[in-house]
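Worksheet: the structure to be examined is printed underneath.
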Amino acid sequence: MTYVTFPEAKELDFVAIGRLCIDLNANEIHRPMEETMTFTKYVGGSPANITIGMSRLGMKTAFIGKIANDQMGRFIASYLERNAIDTSNVVTDRTGSVTGLAFTEIKSPTDCSILMYRDNVADLKLTPDEVQESLIAGAKVLLISGTALAQSPSREAVFQALNYAKKHGAIIVFDLDYRPYTWTSPEETAVYYNLAAEKCDIILGTREEFDMMEKFEHNPEKDDHITAAKWFDYSAKIVIIKHGKEGSIAYTPDGVGHRAKSFPAKVVKTFGAGDSYAAGFIYGVMQGWTLKKSMEYGSAAACIVISSHSCSDAMPTAAAVDDYIERCNRGEITAS
């Protein structure tokens, strides 16, 4: 059954708006950050990673965001361009802002953390008038990310992008991407997340992220069905609630909770899984696949990324995902 119908005759398959930053991933793994001396630099930020993932899967992509007028900003722009991502709406900030940094700590495959530097960052300075309506008008999908809602003027820029997407019939995907340290209060977070989610066709997030959104609502049992049902009264066609090791469930307006099998992985670190899952899942839905097949594709893509040191660099091609699924089905890959 097709739950989402994508507009045809659009120049772009996918455009995202939001965070562009630098990931500095620990080279000395299995130790705390206090003892880590060297890091490897990658492009980071959830919407950036998802866009890179979509581009690697063969989709025609673009990004809307803001970078600092420094070496890190230029590194990000050139990386996107090398990955065939349209950067015509990646704006350079001229106010002296900096590039956000995310230092990662890899104590073990299951004990990972991120130390973020987010003061005066360029990506939160994107203004509504810098969002190109023509770019969104020419795209089948717009993806927004929760972190971009944390501060003005980026917050207003996202809502302007949502208005353009609604006007031109793009399917809107909301990656909740909740990072508490960029918000001033849980109440502010819940209000703006809910306002944005009302406009979105596909919503993806963890159970904990949906709990945050329900701060002013009554769902003491944290019931997925209650959570999902609310959004079907607005624009949503698919709501994916992720439960960590227990897997993800895709809810649809018919009340069905769709599950798919997961795959084994030689886990190096946990971060990056959500971004690669989102890219694989959205790609599958855009191909007209079933939700089960799309979720399995996202899970396989996630396994490839968590088996690697990087997030953006490890985003797989379609051939790599297909090969991974085949090898798992043959029993050639087992969990670490």
Of all the heavy-atom pairs spanning [X] and [Y], show the shortest one and how long it is.
| X | Y | answer |
| --- | --- | --- |
| Val305 | Ala314 | CG2-O, 3.8 Å |
| Ile17 | Ala161 | CD1-CB, 3.9 Å |
| Val285 | Ser294 | N-OG, 3.2 Å |

Notebook entry, point to check: Once you round to the nearest 0.5 Å, how far does OG1 of Thr182 lie from CE of Met116?
Noted result: 7.5 Å

Checklist line | Distance in Å, Ser307 OG paired with Lys269 NZ, rounded so as to fall on 0.5 Å steps | finding: 8.0 Å

Would a distance-only check, ignoring hydrogens and angles, find a side-chain to backbone donor-acceptor pair under 3.5 Å from [X] to [Y]?
| X | Y | value |
| --- | --- | --- |
| Asp275 | Ile50 | no |
| Asp254 | Val256 | yes |
| Glu11 | Gly138 | no |
| Glu105 | Ala26 | no |
| Gln132 | Ser88 | yes |
| Asp93 | Asn69 | no |
| Ser55 | Thr51 | no |
| Thr189 | Ser185 | yes |
| Arg56 | Met315 | yes |
| Thr2 | Val4 | no |

Checklist line | Glu156 vs Thr127, side-chain hydrogen bond (donor to acceptor under 3.5 Å, both in side chains): CA-CA, chis, key distance, verdict | finding: CA-CA 7 Å; Glu156 291 79 9; Thr127 62; over 6 Å; no

Notebook entry, point to check: Would you say the side chains of Thr87 and Glu81 form a donor-acceptor pair under 3.5 Å?
Noted result: yes

Item checked: Donor on one side chain, acceptor on other, Thr99 and Asp70, under 3.5 Å -> yes

Non-neighbouring partners of [X] that pass side chain to side chain contact (heavy atoms under 4.5 Å, CB included), sequence neighbours left out:
| X | value |
| --- | --- |
| Arg207 | Phe210, Asp211, Glu214, Asn219, Lys222, Asp224, Thr227, Ile241, His243 |
| Gln160 | Pro128, Asn163, Tyr164 |
| Gln71 | Arg74 |
| Thr270 | Cys112 |

Next item on the list: Would you sort out whether Thr147 and Arg179 count as a side-chain hydrogen bond (donor to acceptor under 3.5 Å, both in side chains), showing the intermediate values?
Entry: CA-CA 6 Å; Thr147 305; Arg179 311 284 176 167; 4.6 Å; no

Notebook entry, point to check: Does a sphere of radius 6.0 Å around CD in Glu221 hold more than 12 heavy atoms from other residues, nucleotides or ligands, not counting ones at 6.0 Å or beyond?
Noted result: no

Next item on the list: Would you mind checking if Glu217 and Lys230 are paired as a salt bridge, meaning a charged N to carboxylate O distance below 4.0 Å?
Entry: yes

Next item on the list: Sort and list the pairs that fulfil salt bridge (charged side-chain N to carboxylate O under 4.0 Å, His left out) and have at least one residue in residues 191-203, not counting sequence neighbours.
Entry: Asp201-Lys237

Check: Which pairs, with at least one residue in residues 121-133 and sequence neighbours excluded, count as a salt bridge (charged side-chain N to carboxylate O under 4.0 Å, His left out)?
Finding: Lys66-Glu130, Arg118-Asp123, Glu133-Lys167

Notebook entry, point to check: If you group Ile, Leu, Val, Met, Phe, Trp and Tyr by side-chain heavy-atom gaps below 4.5 Å, do Ile203 and Leu291 land in one group?
Noted result: no

Margin query: Please determine whether residues Tyr277 and Leu143 belong to a single hydrophobic cluster, defined as Ile, Leu, Val, Met, Phe, Trp and Tyr linked transitively by side-chain heavy-atom distances below 4.5 Å.
Written below: yes

Hey, would you say the [X] and [Y] ring centroids sit under 6.0 Å apart?
| X | Y | result |
| --- | --- | --- |
| Tyr3 | His258 | yes |
| Tyr117 | Phe103 | yes |
| Phe281 | Tyr297 | no |
| Phe232 | Tyr251 | no |

Note to self: For a side-chain hydrogen bond (donor to acceptor under 3.5 Å, both in side chains) check, start with the C-alpha distance between Ser312 and Asp23, then their side-chain angles and the critical distance, and finish with the verdict.
What the structure shows: CA-CA 9 Å; Ser312 54; Asp23 284 348; 5.8 Å; no

